[in-house]
There are 2 protein chains.
Amino acid sequence: MAQTNRRTSRRSIYLKLRQMVLTLELPPGAALSENELAASLGVSRTPVRESLILLAQDGLVQIFPKIGSFVSRVDPAQVADAQFLREAVELASLDALPSDPDHSVITELRDNLARQQRPGLGLEEFFELDEAFHQGLMRLSGHGNVWTTVAAAKGHLDRARRLGLHENVSPAVFADQHREIFDAVVGGDLASARTAMRTHLRAVFSDIERIRAHSPELFATGSSSVPVRRNVVVWE
Amino acid sequence: MAQTNRRTSRRSIYLKLRQMVLTLELPPGAALSENELAASLGVSRTPVRESLILLAQDGLVQIFPKIGSFVSRVDPAQVADAQFLREAVELASLDALPSDPDHSVITELRDNLARQQRPGLGLEEFFELDEAFHQGLMRLSGHGNVWTTVAAAKGHLDRARRLGLHENVSPAVFADQHREIFDAVVGGDLASARTAMRTHLRAVFSDIERIRAHSPELFATGSSSVPVRRNVVVWE
DNA sequence: CGACAGGTGCTTGTATACAAGCACTGCACG
DNA sequence: CGTGCAGTGCTTGTATACAAGCACCTGTCG
């Protein structure tokens with residue numbers, strides 16, 4: 001999908017910053033100074049700046065010209081959009097499943113599920129497996145590359161999920177739902193697979209309002225607020 | 001979806017270049033020199049370069065470090081991916097139509113359809129109306145912002161469409177299909193709407209192989225080729 | 001004649017310098 | 001005391017300089 005991308009510092013910085021935003025290591029609303037990032041990463045402003053521009057296009061960062069750059073707050077509207085997008089795509093992918101799915105992918109998914117149920121699984125490990133599981137399902141229908149687009153668009157959704165699991169650590173429930181989907185797929189029961197997928201995808205989504213009540217400052221408000229500087233730069 | 005983007009030259013250059021790529025004014029395979037573009041646009045390399053980086057993330061441009069930047073060839077695989085994506089999303093949007101659709105959008109769509117059937121309609125005018133029509137349909141279901149994601153991902157599909165219509169000028173067929181979809185939607189006939197939408201979306205897609213036989217040099221080959229310089233820089 | 005090595009001119013990647021703008025600080029003044 | 005206005009220090013936007021690398025061209029040497 002993407003071009004070769006020989007190792008440039010821009011590429012690695014972009015990936016690192018993106019990871020830090022998605023894992024909430026850089027929390028929503030955090031100020032990002034090009035100069036500071038450049039100094040801490042040991043490079044000049046240029047690759048840092050170009051990375052921020054890419055993150056801004058992903059919707060994960062907001063750049064206010066001549067004011068500052070900030071990790072974008074979790075926007076409930078964008079979360080809902082991502083939810084709609086992934087549900088549409090993943091359900092359509094199930095509809096397009098071939099009668100003879102790729103056996104190597106099946107094996108990979110089975111192995112993935114086993115790891116998901118390993119006791120003492122870390123949160124970030126679970127998210128990695130979760131990501132690979134859903135992408136694997138789409139590869140089964142031959143649309144694995146579409147996952148790239150979905151993954152790029154669901155940054156706000158991912159952050160909301162992490163917020164939810166941070167205070168309610170129970171990935172086991174989702175692991176069970178994954179297995180349910182998988183069993184229906186290999187069993188050829190398309191209707192059950194669709195139902196299980198829909199249930200699974202909406203489980204997280206319905207949790208957002210509760211999280212929002214807990215930590216409203218991480219979410220965007222309806223009115224498009226503008227950052228202000230209060231001695232140090234904050235976005236309130 | 002995106003932030004305000006106070007007019008920066010980067011923003012306008014990005015939009016202009018994107019438009020030129022999508023309309024085939026910059027044909028697939030064309031070499032893009034940062035220096036040349038900067039000179040012709042009367043700015044420095046910086047905003048041009050940043051625009052190219054954004055276009056590269058859109059998949060419309062490929063940047064080969066230390067070699068050159070090129071308008072990406074139409075990749076049949078990416079066209080198929082975009083087709084799958086938009087079909088999944090637009091059909092799901094139809095499923096989510098409210099029983100009481102926004103009347104102002106309905107009026108807007110009706111007006112749009114009238115213009116589509118105006119005789120002597122230019123190709124680019126038709127594409128603009130087409131884009132607005134499909135976005136309008138998604139706004140009816142409250143998912144208008146998702147169209148932004150779809151639109152960003154379907155660059156290769158759009159270029160393939162233009163290639164098809166350039167040699168087979170008959171947007172009238174598509175205009176009729178649009179009306180068919182619209183009538184089913186306002187009539188509340190969901191099944192017919194779905195069928196008409198699916199038929200419509202696949203009409204263009206099925207035309208691609210024919211175009212590819214006509215102009216293979218505009219399409220990407222399976223092997224990931226690398227550009228070479230032959231006196232002047234070309235990508236063959 | 002052929003092959004190889006270095007020059008040349010382009011490319012993008014990175015670093016740095018300067019420009020434009022916003023917001024707070026603090027002093028001057030009514 | 002309140003108000004206004006310049007100063008200051010930060011921000012990102014743009015321009016420019018330099019670094020690294022690839023490919024062709026050409027002269028030289030075997």
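Letters A, B, ... are given to chains in the order of the sequence lines, protein chains preceding strands, and every chain is numbered from 1.
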| said: Donor-acceptor check, side chain of H156(A) to backbone of K154(A), threshold 3.5 angstrom: yes or no? | reply: no
| For the pair made of CZ in F70(A) and P in dT12(D), what is the distance, rounded to whole Å? | 8 Å
| Options dT11(C), dA15(C), dG13(C), nucleotide nearest the side-chain atoms of S33(B) | dT11(C)
| said: Counting neighbours of CD on E131(A) that are heavy atoms of other residues, nucleotides or ligands and sit closer than 6.0 Å, is the number greater than 12? | reply: yes
| query | Does the Q83(B) side chain pair with the main chain of L201(B), one donor and one acceptor, at a distance under 3.5 Å? | reply | yes
| Contact check, side chains of R139(B) and N145(B), non-hydrogen atoms, under 4.5 Å | no
| Ignoring hydrogens and geometry, is there a side-chain-to-backbone donor-acceptor pair from S72(A) to G59(A) under 3.5 Å? | yes
| message | Once you apply a heavy-atom cut-off of 4.0 Å, does L32(A) come out as touching a base, just sugar-phosphate, or nothing? | response | sugar-phosphate
| Atom CD of E50(A) to atom P of dA15(C): distance rounded to whole Å? | 10 Å
| query | Whole Å only: how far is the CD1 atom of I63(B) from the P atom of dC22(D)? | reply | 17 Å
| field | d(CD1, I67(B); P, dC22(D)) in whole Å | value | 7 Å
| Sidechain-backbone polar pair: N112(A) side chain, L129(A) backbone, donor-acceptor under 3.5 Å | yes
| request: Look at R49(A) and dG13(D) and indicate whether a side-chain polar atom (N or O) is within less than 4.0 Å of OP1 or OP2. | output: yes
| query | For the side chain of S51(B) and the backbone of P47(B), is there at least one donor-acceptor N/O pair under 3.5 Å apart? | reply | yes
| query | Is a donor on one side and an acceptor on the other found under 3.5 Å between the side chain of E108(A) and the backbone of V105(A)? | reply | no
| request: Give the rounded distance in Å between these two atoms: CD of E34(B) and C1' of dT14(D). | output: 14 Å
| Got a donor-acceptor contact below 3.5 angstrom from the S33(A) side chain to the E36(A) backbone? | yes
| request: Enumerate the residues from residues 36-46 of chain B whose closest heavy atom to DNA chain D is under 4.0 Å, giving them by residue number; use none for an empty result. | output: V43(B), S44(B), R45(B), T46(B)
| remark: the helix from dC1(C)-dG30(D) to dG30(C)-dC1(D): angle between terminal helix axes, five bp per end, to the nearest 10 degrees, reads 20°
| L52(A) CG to dT14(D) P, straight-line distance once rounded to whole Å | 15 Å
| query | Quick one: is S9(B) getting a side-chain N or O under 4.0 Å of the dG13(D) phosphate, OP1 or OP2? | reply | no
| said: For a quick test of reading the model: is some side-chain N or O of N35(B) closer than 4.0 Å to OP1 or OP2 of dT11(C)? | reply: yes
| Whole angstrom value for the distance that separates P of dT8(D) from NZ of K66(A) | 21 Å
